[in-house]
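Written out below as structure tokens is the structure these notes cover.
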Amino acid sequence: AINFSFSVLEVNIMQNTLKYLSLATLVATGLTANANPCDGFKIKVKNKLAEDLVISRVQLHNAEITPSQIGQINKKEEKEFVVSSSQDEGAMNGELVFHTLTLPTKEVRISFDLKKLGAICEHTDTSPEGDYSVSKTRVPGIGVDYKIVNK
């Protein structure tokens with residue numbers, strides 16, 4: 001048989017520790033429940049092409065997306081865009097546009113809508129057909145991964 005013996009002081013310390021841990025858990029849960037599920041939504045774009053792509057447009061209406069500046073995604077690399085300050089009501093319309101550096105220039109346009117739907121951020125792809133094939137994979141609770149590849 002195992003004998004556990006604790007002093008009154010040790011029991012009080014353990015009880016207080018449990019109370020604080022419970023309170024911290026409740027506060028964290030409450031803050032998470034009130035947050036918009038689209039805040040922190042990640043859009044990862046993987047350039048599987050044999051050439052670099054210039055990011056020529058990054059926009060998201062009714063929310064912010066970072067990075068928001070024009071840049072570049074090198075061949076065989078990826079770039080992650082993160083949503084913040086999203087609206088609680090209505091759709092957030094976004095667009096990412098990429099161009100090749102070689103002539104003739106080819107374009108990739110990723111268009112999407114995001115909408116708070118209860119505790120999740122609903123993602124709807126509205127991308128038009130482009131010069132390259134774009135596939136997407138939804139990552140539940142995190143975001144969406146896009147891959148740009150040759151047709």
Side-chain angles (χ1 to χ4, degrees), residues 12-151:
N12 284 337
I13 290 172
M14 286 188 282
Q15 287 176 337
N16 286 337
T17 302
L18 285 173
K19 286 179 191 175
Y20 289 124
L21 286 174
S22 298
L23 180 62
T25 302
L26 287 173
V27 169
T29 303
L31 291 175
T32 304
N34 291 331
N36 189 317
C38 292
D39 287 347
F41 189 87
K42 296 176 183 171
I43 299 168
K44 196 178 292 185
V45 180
K46 298 177 183 178
N47 178 6
K48 297 286 192 173
L49 302 174
E51 62 182 303
D52 298 341
L53 291 171
V54 173
I55 305 167
S56 57
R57 180 180 302 147
V58 178
Q59 68 183 56
L60 182 58
H61 298 288
N62 298 323
E64 294 178 18
I65 188 166
T66 53
S68 60
Q69 66 276 10
I70 294 172
Q72 184 170 317
I73 302 178
N74 295 329
K75 60 186 170 192
K76 309 296 182 193
E77 291 188 1
E78 64 185 48
K79 185 82 156 182
E80 185 175 87
F81 300 88
V82 180
V83 175
S84 63
S85 302
S86 56
Q87 300 291 320
D88 283 336
E89 301 297 325
M92 293 160 271
N93 314 98
E95 184 174 58
L96 305 172
V97 180
F98 309 94
H99 290 91
T100 59
L101 295 170
T102 58
L103 295 175
T105 300
K106 295 184 178 180
E107 181 181 85
V108 177
R109 187 177 299 265
I110 296 174
S111 301
F112 57 91
D113 293 334
L114 298 176
K115 185 174 183 176
K116 177 183 175 184
L117 193 62
I120 65 165
C121 184
E122 181 181 58
H123 169 269
T124 305
D125 185 77
T126 58
S127 300
E129 190 70 27
D131 294 318
Y132 292 107
S133 179
V134 179
S135 65
K136 68 182 175 314
T137 304
R138 176 66 192 229
V139 182
I142 297 174
V144 64
D145 290 351
Y146 284 97
K147 291 181 187 171
I148 302 170
V149 296
N150 285 316
K151 285 187 176 185

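Note that this is a predicted model, so its numbers are computed, not measured.
We find the CG-CG distance between L96 and L53 to be 12.0 Å, quoted to the nearest 0.5 Å. Note that the CD atom of E89 and the CG atom of N62 stand 11.5 Å from one another [nearest 0.5 Å]. A distance of 9.0 Å separates NZ in K48 from OG in S135, rounded to the nearest 0.5 Å. Between the CD atom in E51 and the OG1 atom in T102 there is a gap of 3.5 Å [rounded to 0.5 Å]. Interatomic distance, OG1 of T137 versus NZ of K44, reported as 11.0 Å (0.5 Å rounding). Here OG1 of T66 is found 8.0 Å from CD of E64. Values are rounded to the nearest 0.5 Å.
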For the pair S133 and V149, evaluate side-chain contact (heavy atoms from CB on, under 4.5 Å) and give the outcome as yes or no after the intermediate values. CA-CA 5 Å; S133 179; V149 296; 3.8 Å; yes
Please walk me through it: do Y132 and N150 pass side-chain contact (heavy atoms from CB on, under 4.5 Å)? CA-CA 5 Å; Y132 292 107; N150 285 316; 3.1 Å; yes
Chi angles and distances behind the side-chain contact (heavy atoms from CB on, under 4.5 Å) call for K42, V82: CA-CA 5 Å; K42 296 176 183 171; V82 180; 4.1 Å; yes
Run F81 and I55 through side-chain contact (heavy atoms from CB on, under 4.5 Å) and show every step you take. CA-CA 12 Å; F81 300 88; I55 305 167; 4.1 Å; yes
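Under 4.0 Å is where a charged nitrogen must lie from a carboxylate oxygen, and between R109 and E107 at least one such pair does.
With sequence neighbours excluded, no residue forms a side-chain hydrogen bond (donor to acceptor under 3.5 Å, both in side chains) with T124.
Put simply, the side chain of I70 does not reach to within 4.5 Å of the side chain of V58, judged on heavy atoms. The shortest side-chain heavy-atom distance between V108 and D131 does not fall under the 4.5 Å cut-off.
A donor-acceptor contact closer than 3.5 angstrom is absent between the side chains of H99 and T105. E95 and N93 share no side-chain donor-acceptor pair at under 3.5 Å.
No side-chain donor-acceptor contact under 3.5 Å links D145 to the backbone of K136. Between the side chain of K116 and the backbone N or O of E122, no donor-acceptor pair lies under 3.5 Å. With hydrogens and angles disregarded, no donor-acceptor distance shorter than 3.5 Å links the side chain of S86 to the backbone of A63. Side chain of S84 to backbone of D39: no donor-acceptor contact under 3.5 angstrom is found.
Residues E80 and P67 come closest through the heavy atom pair O-CD, 3.4 Å. For the residue pair F112 and L60, the shortest heavy atom distance occurs at CE1-CD1, 3.8 Å. Of all the heavy atoms in C121 and P37, the pair that sits closest is CB-O, 3.7 Å. Smallest separation of non-hydrogen atoms from D125 and I110: OD1-CG2, 4.4 Å. Shortest non-hydrogen contact noted between N47 and I73 is ND2-O, 3.2 Å. Residues L114 and C38 share a closest heavy-atom pair of CB-SG, 4.4 Å.
Note on ring orientation: taking the six-membered ring where Trp is involved, the planes of Y146 and H123 are perpendicular (angle over 60°, cut-offs 30° and 60°).
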